[in-house]
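This report refers to the structure that appears directly beneath it.
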Amino acid sequence: MIFPFLRGFLGPRHAPATWALLAINLFVFIGELPSYERAQARLEALLEDPAFMGAQGQLFAQMIEREPQLFPGESLGAMQARVKKGDVEARSLLGALAMRNPQFVAHAEAYDFGGDEVAIASWREAFRQVRAIQAEHPSYRWGLSHLNASPQNWVSYQFAHSGFMHLATNMAFLLIFASFLEARIGSALVVLGYLLSGLAGAFAFTRLTGLTASPLVGASASVSGLGALTGFYLWKEKVPFFYLIFPQPGYMGFTALPAWAILALFALPDLGGYLASVPDVSSVAYSAHLGGAACGGAMALALRAGLLASDPYDPEQGWQWFEG
Amino acid sequence: MVLDDVYRSGEEPTGGARAGSGVSSPAAGAALGAGAGSAAGADAAAWAQRMALPIDRLAAAIADAVFFAPVATLCMAPLRRAALVAQLTANHSGWTLAAAGAFAAVAFALIAYHALFIAWLGATPGKRLFGLSVVSVWDDRKPKPGAALVRACAFAAEVALLGIPWLAIFANDRRRPLHDRIGDCAVVGGPGRGRAAAPSHFEAGVAAGIFAAVLATAAVVAASAWDDFARDLKEADAEARELEERGLLCQAAADLRAEWPEGERPSRLEAALALAAFAGIEPDCLGREADHEAWQNYDSRSLAYAAQAVAHRDEPAVAEKYAAKACARENSASDACLLARLASSAFDEKRGDMSPSADDALLSRASGAGGPAAPLYVRAFAIRRRLESRDYASALALLDDLPPRQGLASLAAGERAKALWALGRVPEARATWAASISSASASGRQELAGASCASELELGCSSEARRACGAFVGDIKVRHEPIADAESLVAFVRGDECATGLAWSPKPARALAATRDGRAYVDAVTRARLGDASGARKALRQLLNRSASAAGGDSDEALGLESAAIYFDAQARLAQMAPSIAEADEIWRDWEKAERGDAWSHLGRALVQRFLELGAPRKALSAGLLLRGSDPLNSALAQAIVVAAYRAGDPKLAADTLRSLDELAAPSTERSPASLADFDRIAQDLRARARGPGGLAVGKAAKAAGGGRAAESTTGDER
């Protein structure tokens, strides 16, 4: 295990903007936790039913066959052909993919499907319930999806998380990168970096992957933007990394590596993940991470070129709100 | 604080890493200086003085794995994508190719990572982290690029062997695994890190032991994994091809359909339904055909809905909805609706119309009363319903009307033989079995032979039974496939016992039994056969207790006993060995309450015989009459009843039973159970009495009364 440690978690006194960002994420998570758990449990109960998924796979295959112009890309067409031959495995896989496909979710309720009417009737009932749950599900309300793509969703998705581990890892790296940067380049640029990277991540996601019916959530794009900002800004400067091979002296501790190693540790796997993903099928938003990282890199270059002025936060002075 | 030191050190690498950077380091320089003026042996000693600690090398290897992981992810990415696409499009060879490509890409990247870093810096990043460096054994300098490349290739090969050869750092006297020796290199520690001495005999011995053990285990695991992998690959390919050919649906249905001349063919779903009626295809297969038809073919959906109702019979609520659909689309007299009504009794009841019951309607439709000829699947389901309700005569008539089709032949012949057998037309049943076995396919043959063996055994182990069971048992022994299901195992053991008689050996049965319970059963039977009555009874009791305690659980071990077959056969064997009437009585009380079935009848027959042997004819008689309710035409049973009734002082019942026995086409002439040894004497006596005036009157009186247990129990054969 090895990760950039930089200056560790600087406290709120040294990095107030960082802690404010963290507080917002935490409040959103805790505030929405009860409704999240409730909606998630009901959703999973519905989606686990193989009859529902099987029927949905048939319906999706039918829609793909009838409206090929709505579904470009090789994989969906190939799976539709498999379903038509009676392939049960392809059918349930297609059923699961349908849940994320924006075209299917948008048109399915009013679509004139043909086929097993008994199965269609039970599917319609279950699908209506799924949509009703999604309407009040926090991830769908805060996240950026095909059906929730208003300007405020482009911002709100950066503060919503789908589970504790998702939140915890994002927040840990937020503290490491943002608190370090705040002491280096200032609060305003950190907040700007967080928000712009999030927007750039969402933009990259819409361009490279395309919005799906399941929402994009999480501070990952923002955090990878701040990480890339650190890596590109410091570039060859040596910064502390923490490593742990065995939990005993000599095999754990700190080592100094050039800052670009941050990029190697974070951006390479994201790039690999993105290159390995198939549109309509893969689910992790690597393209959003890459978009955030590109934005962070651009900001670092602007800083180095003097287009952005760094203004390190000084705990003695605090924020100079009213100075010109 | 450590962190502050690190942080302040800023531009400079940490102490350990600094030393690893090769020639410029003071330590290496000193070693080189020492080596330059002395013989080659002293040179070698220079690196040998600074051998890296194995634990440092392990830590470095782990750190390298962490650093290498992102690189590997990136290299594999396009191939991972190709593999995913191949998987989605069910392109198996494409998947294999992409997976092999990904493997090769990672191997290439691994070689490049090690070769480049060692040729450039004299250490990989992981080694630098722990102050280690690689030196050439010739000059104590960082290795030449060629040596670095050779070393990296050997290292990649070791990784492919799960890193096992790498363990040589614990055993080799200079702590040099294969890749170090092939590249003429050694790994040395930096200043401030510990130095390793040559391993002690103990360490080397332990390491060699672990090495050998791990190697052996890995070899076994790898061999079996490879075997599995190769088989999986072969099976996946074969399966994919098969699925491709038959369009993922039931091949049997397509084959059957193809037997009709063009233009008269039933639909594929109709063929599947006909096969399903005879249990010729898996229920799952019918479900797929029905599902496919319901989704893809909008013209014939009423039948598809009926088939869905049949396929969903385990879920009555769903079946009811499908049945309603099947009957809504056409008028309620359609064949599809008829089938749907059969499949969902709930729907049939709710319809509440006064028309004949679904069963009756099905029978009249199948026998072609009024209207065009019924489709194949209607006739097939009619036959099945007739057999289920023990109306063998109608079933037989319907079976005779079935068109001769290869795909149905052995299934229909099997049902036909069973019906004939149940009607007491023993020679015809035997002829049907014999004819169909000779023309059936391998799996059909085994099923038919099994049915004929089981039926023959109902009459005891006669010469006919020995012949039938010999064929069945021989077939299984030749195929030598493990028997997991209890019913087949019991059939095999009983068939084998009868066919081989005194030469019976438990070995084949024990080798074929696939479950622990199956083997325990064979062992218990073996004891019984060897005359170890008390041991056998103990073993059988244990088996039964286990089945009783496992009945609530769902452990795998209990699966073998879920079937009634072993349970009832074990009880039957206990009954045959019961030393007293009281003990047999205990079994009888259990038996009376148990669920009826073939295995239940088997136990009943064993009880009747044992009661006769123990001199309790009244008990034998009541058990026999109970059995006769479900199996009215079994000649061995009828003989037992004659003997029991005669001995119990009910000559009227004995005479009536004897008469019904005489009416059977070919009563068995063999008296295999010892308890029936005096049947012929009793029969003679009864016939002599019947010829006398009194005897005739007795017979007439029984007929005139139209009742009496004997008359009641023989109604089945008045056809």
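Numbers restart at 1 for each chain; the letters A, B, ... are given by sequence-line order, proteins then strands. Everything numeric in this text was worked out from a predicted model, so none of it was measured. Keep in mind that the numbers below use all heavy atoms, side chains included, and drop hydrogens, waters and symmetry copies.
- The CG atom of B:Asp56 sits 11.0 Å away from the CD1 atom of A:Ile245 when rounded to the nearest 0.5 Å.
- Here A:Val118 is the residue among A:Leu268, A:Val118, A:Leu275 with the most heavy-atom pairs under 4.5 Å with chain B.
- For chain A, the option among B:Val66, B:Ile55, B:Thr73, B:Val85 with the highest count of heavy-atom pairs below 4.5 Å is B:Ile55.
- Of the atoms belonging to B:Glu320, not a single heavy atom falls under 4.5 Å from chain A.
- In summary, the side chains of A:Gln62 and A:Gln58 do not present any donor paired with an acceptor at a separation below 3.5 Å, with no hydrogens or angles considered.
- Separating the CG atom in A:Leu257 from the CG atom in B:Leu129 is a distance of 7.5 Å, to the nearest 0.5 Å.
- Looking at A:Ala121, there are no atoms closer than 4.5 Å to chain B (heavy atoms on both sides), in backbone or side chain.
- Ranked by non-hydrogen atom pairs under 4.5 Å with chain B, the options A:Ser75, A:Gly77, A:Gly250 are led by A:Gly250.
- No part of A:Leu76 comes within reach of chain B, as not one of its non-hydrogen atoms sits under 4.5 angstrom from that chain.
- The minimum heavy-atom distance between B:Trp295 and A:Ala119, with the atom names listed, is CZ2-CB, 3.8 Å.
- Ring geometry for A:Phe52 versus A:Phe127: interplanar angle under 30°, hence parallel rather than tilted (30 to 60°).
- A donor-acceptor distance shorter than 3.5 angstrom exists from the side chain of A:Thr18 to the backbone of A:Ala178, with no hydrogens or angles considered.
- For a residue to count as touching a neighbouring chain, one of its non-hydrogen atoms must lie under 4.5 Å from one of that chain's; by this rule B:Leu79 does not touch chain A.
- Checked by atom type and distance alone, the side chain of A:Ser224 pairs as donor or acceptor with a backbone atom of A:His289 at under 3.5 Å.
- Heavy-atom distances place the side chain of A:Phe246, and not its backbone, under 4.5 Å from chain B.
- At a 4.5 Å heavy-atom cutoff, A:Ala61 makes no contact with chain B through either its backbone or its side chain.
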